[in-house]
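None of these values were measured; they are calculated from a predicted model.
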Amino acid sequence: MRRKNWDPVLQPDLVVYNAVLNACVQSRQWKGVFWVFEQLRNNGLKPNGPSYGLAMEVMLQSGKYELVHEFFGKMKRSGEALKALSYKVLVKSFWEEGRVNEAIQAVREMEQRGVVGSASVYYELACCLCYHGMWKEAFLEIEKLKMLRRTRPLAVTFTGMILSSMDGGHIDGCICIYEHSKKHCEPDIGIINAMLKVYGKNDMFYKAKELFEWAKTESSGPQLSQDDFSSARRPDAYTYTSMLESSAFSLQWEYFEYVYKEMALAGYLLDQSRHAYLLVEASKAGKVHLLEHAFDAILEVGQIPHPSFFFEILCQATCQHDHERALALIKLMVHVPFQVSKQEWIDLFNSNNERLSHSSLRGLLDVICRQSLGSDTTIVNLCRALESVCGSCTSSMLIINEPAKLTDASALAADKDGSPYRCNAPANAELPLQHVQVDEAYDEREKGADRELVSDMSHLSHREDMRAGTNTIFELSDDELTFDDQSDYLDDIDQLELGMSSDEDDNFSETKVPSAYEILKTWEDMRKKDATFFNFQLGQM
């Protein structure tokens, strides 16, 4: 009979309801707090100290600061013992509200009540004071913090204070806190990273450079004792990234290249989701080889490069008339998950109109039309955008005596106005020889002249050297290059424009450009030969 009348339904107790409150903290479900307290009341349960503390934490995370104070008052009236963690939440709430004096009074009240404070309470108050420019008062709180049992090194406290002062816009305070921290502990990589961020955001490049070089030098020495709550000063990914940002902000591109190579040799990869713009700006400043190394390194680890990497490399290849590289990039874009619309391509060309001439865009369109690149949306939109920018029927493949024969659905694309143009010409297409020869010879002479102008650029030397044996065709003047000469050199011109023969077309991306590993190995050998890697002296360029 006892088993027959037994009800298997379990009633949640106070521990279960507190677990629900804890789940509301991260999800910021502040309305769930009132539901929990209502359920406690209906089930005859009384909230305890952790219940009120968790309710305050939920309201703090949700930005309901008035409710934080309300639940703190209920906790005091209920007779529950006040804990240091509750005062920590209260101080944080006053900080967010900008009520500095109330935050100080709350800590003094805690001390008067005899509540044993924790290091986190004084840490929150010190950061609050630094945020409002009161770093001298914060130093007094640090003296009290040092007498308590700490779970984290003292250097972590100073790192938080520096960042809080920076967020409040008090740069002088950041420097004062940094100098004061040296009296209490050895600067660790956290403090160094914080100061690099401060220097980088305030155009203090030489200060950042001096600190970066010092950290590199000191990190090679003996490790610091763990008893001093200090850690090694070996630069990490954040250190290199902060120095790259500082160099880019100050337009110090030579030192930017030095830091990037050091970062690559240390085994770190730039976070492209947050800092892709750095390499793009460096490429525009003439450091395109750094962008190409990052592009290849990202591909080698199985990731997809940032879309801005594709666009910048394509612009560089187009303005240098390196159609071989441009075609390889366009073929690669077929396999990426993002698509580029026609308007996005047009906006890209317009934003780079100072670098991309009309002839370079027309040459890119001509080369694309001679290739069978398929009917991918991105490529079709690229062709439409190029035709829109260059003007309809400006391509040499479009200047023909009769309409192109439609042999494949992917070989013809139509713009919105219905005008057809060839974007993927078949290999056996019959074209009037005269038009193709004259226009191609003219384009190739123009491209040859452009190649001579950029042949002295260091980041293109490995490609220009491979073409050195074929540059004589482009050295002919307009008078010397007769129509008969054009006929004789037609095959050579086609091979130059396409970059290689049809047998090599499938392998040119692997044979022309060195891999990221090979580039990294070269940089490592250079650093072994020259200990300074570059002639950079501390405090000098």
> Got a donor-acceptor contact below 3.5 angstrom from the N101 side chain to the I104 backbone?
Replying inline: no
> Taking 4.0 angstrom as the limit, do K287 and E254 come out as a salt bridge?
Replying inline: yes
> Thinking salt bridges, do R384 and E344 make one under a 4.0 Å N-O criterion?
Replying inline: no
> Can you name the residues that form a ring-ring contact (aromatic ring centres under 6.0 Å, His included) with H69, not counting sequence neighbours?
Replying inline: F94
>> If the condition is ring-ring contact (aromatic ring centres under 6.0 Å, His included), which residues does F212 pass it with, not counting sequence neighbours?
In response: Y240
> Going by the ring pair (Phe, Tyr, Trp, His ring centres under 6.0 Å) test, which pairs reach into residues 145-165, not counting sequence neighbours?
Replying inline: F158-H184
> Which residue pairs pass the ring pair (Phe, Tyr, Trp, His ring centres under 6.0 Å) test with at least one member in residues 42-68, sequence neighbours excluded?
Replying inline: F37-Y52
> Does anything in residues 36-47 pair up under salt bridge (charged side-chain N to carboxylate O under 4.0 Å, His left out), and if so which pairs, sequence neighbours excluded?
Replying inline: none
> Taking atom types as modelled, is there a side-chain donor on D167 or S164 under 3.5 Å from an acceptor on the other?
Replying inline: no
>> Going by side-chain contact (heavy atoms from CB on, under 4.5 Å), name the residues that satisfy it together with Q39, two or more places apart in sequence or in a different chain.
In response: Y17, W35, N42, N43
> What orientation do W253 and F256 show, parallel under 30°, tilted 30 to 60°, or perpendicular over 60°?
Replying inline: perpendicular
> So which heavy atom on F205 is nearest to which on S247, and how close?
Replying inline: CE1-OG, 3.5 Å
>> Between R355 and E312, does the salt bridge (charged side-chain N to carboxylate O under 4.0 Å, His left out) criterion hold? Intermediate values first, please.
In response: CA-CA 11 Å; R355 295 188 294 167; E312 175 60 23; 2.9 Å; yes
> What do the steps show when you test Y199 against Y178 for ring-ring contact (aromatic ring centres under 6.0 Å, His included), and what is the final call?
Replying inline: CA-CA 12 Å; Y199 292 145; Y178 173 62; 7.4 Å; no
